[in-house]
Student: 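Dumping the structure here so I can ask a few things about it.
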Amino acid sequence: GKRKLFSNLIVGRVDNQIAGIVGVEVGLFDMKEKNLLNYKQSEKTLTDAISELPPSQRRQFKDASIEELVLEVPSLAGNFEAVAVLANLCVSPNARGTGLGLKLC
């Protein structure tokens with residue numbers, strides 16, 4: 001199946017020059033423990049939840065989005081939520097103090 005936990009870089013430009021970059025990735029939030037799982041924990045939780053399903057159900061979720069998985073896979077539903085996580089933030093020294101970091105977040 002396709003990758004479930006996406007990540008992306010967002011670039012901030014000032015006068016057509018790169019002034020800042022922020023990394024955003026999808027992770028799982030454990031609603032019972034009130035804990036954010038890191039990428040490896042999130043990936044393992046998804047893999048384990050899908051592998052516990054019978055083959056016919058595994059095929060059903062082969063191309064499902066992360067949102068569909070946390071709503072419909074029994075061991076995930078009601079226990080986890082997919083969230084966007086700020087992974088990295090970098091602002092050029094020339095752009096610091098301008099509020100660019102806040103805008104990127």
Side-chain angles (χ1 to χ4, degrees):
K2 63 183 178 178
R3 181 177 174 167
K4 304 290 187 229
L5 299 173
F6 292 101
S7 61
N8 207 347
L9 292 175
I10 300 169
V11 177
R13 294 180 183 271
V14 174
D15 297 327
N16 209 27
Q17 298 286 323
I18 294 176
I21 299 175
V22 64
V24 181
E25 58 187 33
V26 175
L28 291 179
F29 181 76
D30 184 329
M31 296 191 307
K32 289 185 179 181
E33 298 293 323
K34 305 292 185 219
N35 183 43
L36 181 64
L37 280 68
N38 67 33
Y39 179 84
K40 285 185 179 183
Q41 293 168 325
S42 295
E43 187 72 34
K44 182 172 180 359
T45 299
L46 287 172
T47 301
D48 290 350
I50 293 169
S51 68
E52 292 172 357
L53 298 172
S56 61
Q57 283 185 307
R58 274 187 243 148
R59 284 189 292 277
Q60 172 189 344
F61 292 111
K62 178 178 169 266
D63 292 319
S65 69
I66 183 74
E67 293 86 1
E68 292 169 317
L69 292 173
V70 297
L71 289 174
E72 298 176 22
V73 172
S75 65
L76 298 174
N79 297 315
F80 293 93
E81 186 174 314
V83 294
V85 179
L86 174 68
N88 298 291
L89 173 64
C90 178
V91 176
S92 166
N94 297 338
R96 291 185 185 151
T98 65
L100 178 63
L102 185 61
K103 290 176 186 174
L104 287 168
C105 292

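In this text, all values refer to a predicted model and were calculated from it rather than measured experimentally. Below, each value reflects all heavy atoms present in this structure, side chains not excepted, and no hydrogens, waters or symmetry copies.
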Student: For Cys105 and Leu89, which heavy atoms make the closest approach, and how far apart are they?
Tutor: SG-CD2, 4.0 Å
Student: Hydrophobic clustering (ILVMFWY, side-chain heavy atoms < 4.5 Å, transitive) - are Phe80 and Val85 grouped together?
Tutor: no
Student: May I ask whether Val70 and Phe61 are part of the same hydrophobic cluster, defined by side-chain heavy atoms of I, L, V, M, F, W, Y residues being less than 4.5 angstrom apart, directly or through others?
Tutor: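 The answer is yes; both residues are in one hydrophobic cluster.
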Student: With rounding to the nearest 0.5 Å, note down the distance linking CG in Leu53 to CG in Asp48.
Tutor: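 Result: 11.0 Å between the selected atoms.
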Student: Hey, quick one: are Leu46 and Val83 part of the same hydrophobic cluster, counting side-chain heavy atoms closer than 4.5 Å, chains of contacts allowed?
Tutor: no
Student: Could you list the donor-acceptor pairs under 3.5 angstrom formed by side chains in residues 16-32, with sequence neighbours left out?
Tutor:
residue: Asp30; atom: OD1; partner: Lys32; partner atom: N; Å: 3.0
residue: Asp30; atom: OD1; partner: Glu33; partner atom: N; Å: 3.0
residue: Lys32; atom: NZ; partner: Asn79; partner atom: OD1; Å: 3.1

Student: Atom CG of Leu69 and atom CG of Leu5: how far apart are they, to the nearest 0.5 Å?
Tutor: 9.5 Å
Student: Leu86, Val91: one ILVMFWY side-chain cluster at the under-4.5 Å cut-off?
Tutor: yes
Student: Are Leu36 and Tyr39 in one and the same hydrophobic cluster, where Ile, Leu, Val, Met, Phe, Trp and Tyr link if side-chain heavy atoms are under 4.5 Å apart?
Tutor: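 Hydrophobic grouping puts Leu36 apart from Tyr39.
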Student: Which heavy atom of Arg58 sits nearest a heavy atom of Ile50, and at what distance?
Tutor: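 Looking at all heavy atoms of both residues, the closest pair is CG-O, 3.1 Å.
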Student: How far does CG of Asp63 sit from CD of Glu68, to the nearest 0.5 angstrom?
Tutor: 9.5 Å
Student: Taking Lys44's backbone N and O only, do any of them form a donor-acceptor pair with Thr47's side chain (distance below 3.5 Å, no angle check)?
Tutor: no
